[in-house]
Amino acid sequence: MPKSSKVTQREHSNEHVTESVADLLALEAPMDYKSSQMSMNMTGGGPPPIGKPDISPDLEDGRPAWNSKLQYILAQVGFSVGLGNVWRFPYLCQKNGGGAYLVPYFILLILIGIPLFFLELAVGQRIRRGSIGVWNYVCPRLGGIGVSSLMVCGFVGLYYNVIIGWSIFYFFQSFQYPLPWSECPIRRNGSQAIVEPECEKSSATTYFWYRETLNITSTIADSGGLNWRMTLSLLGAWIIVCLAVIKGIQSSGKVMYFSSLFPYGVLFCFLVRGLFLKGAVDGIAHMFTPKLEIMLEPQVWREAATQVFFALGLGFGGVIAFSSYNKRDNNCHFDAVLVSVINFLTSILATLVVFAVLGFKANVMNEKCVVENAEKILGYLNSNVLSQDLIPPHVNFSHLTASDYAEMYGVIKIVKDDSFEQLGLEPCLLEDELNKSVQGTGLAFIAFTEAMTHFPASPFWSVMFFFMLINLGLGSMIGTMTGITTPILDTFKIRKEFLTVGCCIVAFLCGLLFVQRSGNYFVTMFDDYSAGLPLTIVVILENVSVAWIYGTKRFMQDLEDMLGFRPYPVYFYLWKYVSPVCLIILISATVVEMAISPPGYNAWVQDLATERFQSYPPWALAMCFALIVAAMLPLPLVFIARHFNWIPDGSNKLSVSYRKSLAKEASTLEDETRFILGKNPSEAPSPMPSHRAYLGPGSTSPVELITNSTSISGYGSGYQTNPAPPKSES
């Protein structure tokens, strides 16, 4: 038995408790908040007592458990590493100073990312409930945090699965050679064959995305009816998600072995293949060339904080739900650091892959530009518009390089300064091609697909790429669905299978909004308004409820009892001061950004074959704000209802199985105490777990025994028969 164990501490104590925990628990009835005080600060955790049967506590209280630590880590990695790592992070790097962007991102990952991720893992593991139950335990009046989190999960899941549906469509379209988006379609007009005008004005991949895949309308007001191919793809996506989560973590945990690991194999294959492509090094060098002057701009830090925030899945409830199935003594601090580092390294790996491929694409497009403009110059030479003297003698038009063209272009521009614009020549700079920023669907379904058409064996790489996107999306959707189903299953007695199938059916029917011909505009709307501001508010309330209402000192003590060691004192200051300040600044910046940016969307204009910004009509604008209000409405409603006692705090009741597990642990600990102290049962003190008051960072935690027989402390929860409300301890 370690010297720091609770039983050894009891041996040196002269105080006695007249009743055993097992006896008290046996007489105790389920109590709600009016007659009980739920608190995480009552001690528990630590190593299991000697002689305790080798039975997981998760099985004792009837809660499912992960089969292994690897399965749990893969689930958290699969949830946090998603499509944003592939198509959002590289764009932000390119936009915000290249390699210099990694500096603010890493700083904010340390200041707010890891601490808040650790906080969510800890409360989920300690209280062993979903998001609704966790925040009802911590602060019943802020129980709306969990409901708002569930609402955001629902909104995000609706449109996120549409993206998986698009990937499924492209996946099956990739099984043909040549790829259907490699060339513009030919339209027959009698005996004459012409290239489709919309495709000719844009590109083959752009045309395939907007016309063949989405068949998009020109405005959000024109629904255009359902796109049957996208409807079938969405149905297939929901069937896959339903099968993955229908048995809870028993089924989703097995799926995660493949869906979490397969994308890494594909990314490494793309990286190795990309490094052998011409221009790949140019793309990577362009990406990581730091622009230090941009790094100091506030906008860069705001976007870095937002990306850190969403990359780890904070506030969605999936992190808490996954953690609630852990053993109570699991080292969640190690998990938080590990998953955060894996997420960061995955973003860098994806950025290397994206810019290696885009560097190759830029090189191909630049060579095409050189050839087209060289033909223009030859035409001007043959028609005597340009003099042969303007062409450097070493230039060979049959083997024209980019540097030769740049030299020739510079000479012509200087000599023909007055009439240069009429020639219509382009500079054809590789830097200009690399600076064309694309993100989101534009990166995955247009830029990247166009680059893959130039790959040898392009169908193989296309199949691999879109299968990777499906698995990345599936991992995130499993976490999102778990964030929805776990708190509902904790609150209501519903069969897991029925709830999962019902949620998927309802979500598919609601998702039909996104598979209209105008559905892409609604995906943009939900992405912009349903999660950003509400989720940031949810996370800051999580931070405040633990650090200021529940008490950072008490929470640090809980962590020491649960983990067996005291977390670094820096977390005390990060949770209490740094993270709340950073989140308040982020919320303020988000509100300012929403206020100064006109709400609208990029509409595809078929006649011009280009995107054009359009403002939302009044009904769509009302829908945008309704999304924000609907996601945040549970926060004030639950607060007011609990403040005026309109709804009971029934979520604070301990389940019968959970109370039995507490009694079983107390009984085992009592027997062990008698054995160690060598006393008769009548002489041995009751093994009440000690409560050590945490006095702050760097202080010593003395042993304090709770001798009041009306106070009961358990493993991860405690309640008192006195009807005193929880007090803040800071």
Side-chain angles (χ1 to χ4, degrees), residues 87-88 91 148 151-163 165-166 198 201-202 206-207 209-231 233-234 303 306 310 437-443 445-446 506-537 587 589-634:
W87 66 32
R88 178 69 177 169
Y91 162 77
S148 289
M151 294 285 292
V152 172
C153 274
F155 288 148
V156 171
L158 288 178
Y159 76 85
Y160 202 88
N161 221 25
V162 175
I163 301 174
W166 294 339
E198 185 180 4
K201 294 176 184 177
S202 54
T206 304
Y207 174 83
W209 168 243
Y210 283 112
R211 190 55 50 210
E212 297 292 337
T213 304
L214 302 178
N215 194 18
I216 199 166
T217 58
S218 297
T219 65
I220 194 174
D222 181 12
S223 69
L226 289 178
N227 182 335
W228 67 269
R229 290 189 291 186
M230 292 302 100
T231 303
S233 299
L234 179 63
E303 293 190 342
T306 303
F310 288 105
S437 301
V438 286
Q439 65 165 324
T441 56
L443 173 63
F445 298 105
I446 298 178
V506 171
F508 169 72
L509 295 176
C510 294
L512 294 178
L513 172 70
F514 306 103
V515 291
Q516 304 175 97
R517 290 180 57 195
S518 61
N520 188 46
Y521 304 139
F522 289 99
V523 170
T524 302
M525 176 193 294
F526 272 65
D527 189 39
D528 291 340
Y529 291 96
S530 67
L533 183 60
L535 212 58
T536 312
I537 293 176
I587 289 176
T590 302
V591 172
V592 171
E593 179 71 16
M594 293 175 64
I596 63 177
S597 300
Y601 61 102
N602 290 320
W604 178 257
V605 182
Q606 183 175 359
D607 296 336
L608 302 176
T610 186
E611 287 185 333
R612 184 171 61 191
F613 182 82
Q614 292 188 11
S615 298
Y616 283 120
W619 63 267
L621 198 59
M623 189 174 178
C624 294
F625 288 104
L627 289 173
I628 298 175
V629 172
M632 295 193 299
L633 194 59

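All residue numbers refer to positions in the sequence shown, counting from 1. If you're wondering where the values come from, they're calculated on a predicted model, not measured in any experiment.
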SG (C153) and CG (L535) are apart, to the nearest 0.5 Å, by 8.0 Å
Taking D607's backbone N and O only, do any of them form a donor-acceptor pair with K201's side chain (distance below 3.5 Å, no angle check)? yes
Applying side chain to side chain contact (heavy atoms under 4.5 Å, CB included) to A630 and not counting sequence neighbours gives M151, F155
Classify the ring geometry between Y529 and F625 as parallel (under 30°), tilted (30 to 60°) or perpendicular (over 60°). tilted
For S233, the side-chain hydrogen bond (donor to acceptor under 3.5 Å, both in side chains) test, sequence neighbours excluded, returns none
When every non-hydrogen atom of Y616 is compared with those of A620, the smallest separation belongs to CD2-CB, 3.8 Å
Review point. Just wondering, more than 12 heavy atoms not from W228 lying within 6.0 Å of its CH2?
Key: no
Across all chains, not counting sequence neighbours, the side-chain hydrogen bond (donor to acceptor under 3.5 Å, both in side chains) partners of Q614 are Y601
T213 and M230 have their tightest heavy-atom pair at O-CG, 3.6 Å
ring-ring contact (aromatic ring centres under 6.0 Å, His included) filter on Y160, not counting sequence neighbours, yields none
For W209, the ring-ring contact (aromatic ring centres under 6.0 Å, His included) test, sequence neighbours excluded, returns W166, F445
Distance col, row L513:CG vs C510:SG, nearest 0.5 angstrom, shows 9.0 Å
Note: L234 and L512 closest approach over all heavy atoms is CD2-N, 4.3 Å
Rounded to the nearest 0.5 Å, the OH atom of Y521 sits from the OG atom of S223 at a distance of 12.0 Å
ring-ring contact (aromatic ring centres under 6.0 Å, His included) filter on Y207, not counting sequence neighbours, yields none
* Kindly say whether S518 contributes a backbone atom to a donor-acceptor pair with the side chain of D222 at under 3.5 angstrom? => no
With sequence neighbours left out, the residues meeting ring-ring contact (aromatic ring centres under 6.0 Å, His included) with Y210 are W604
Verdict with reasoning, E212 to R229, per side chain to side chain contact (heavy atoms under 4.5 Å, CB included): CA-CA 10 Å; E212 297 292 337; R229 290 189 291 186; 4.0 Å; yes
Requested in this report: Quick one: do Q516 and L226 satisfy side chain to side chain contact (heavy atoms under 4.5 Å, CB included)? Show the steps, please.
Outcome: CA-CA 4 Å; Q516 304 175 97; L226 289 178; 4.2 Å; yes
Minimal heavy-atom distance between A507 and L158, with the atoms involved, is O-CD2, 3.5 Å
| task | Carefully, step by step, assess T231 and F508 under the rule side chain to side chain contact (heavy atoms under 4.5 Å, CB included). | result | CA-CA 9 Å; T231 303; F508 169 72; 4.3 Å; yes
Across all chains, not counting sequence neighbours, the salt bridge (charged side-chain N to carboxylate O under 4.0 Å, His left out) partners of R211 are E198
- Evaluate side chain to side chain contact (heavy atoms under 4.5 Å, CB included) for M623 paired with F526, printing each intermediate quantity in order. CA-CA 10 Å; M623 189 174 178; F526 272 65; 3.9 Å; yes
Residues passing the side chain to side chain contact (heavy atoms under 4.5 Å, CB included) test with V591, sequence neighbours excluded, are L533, I587
Side chain to side chain contact (heavy atoms under 4.5 Å, CB included) filter on D527, not counting sequence neighbours, yields Y159
The reported gap from CD1 in I628 to CD1 in I537 (rounded to nearest 0.5 angstrom) is 8.5 Å
### Message
When you measure from the side chain of S148 to the backbone of A631, do you find a donor-acceptor pair of N or O atoms at a distance under 3.5 Å?
### Response
yes
Any donor-acceptor N/O pair, N215 side chain to R517 backbone, under 3.5 Å:
no
The side chain to side chain contact (heavy atoms under 4.5 Å, CB included) partners of V592 (sequence neighbours excluded) come to I596
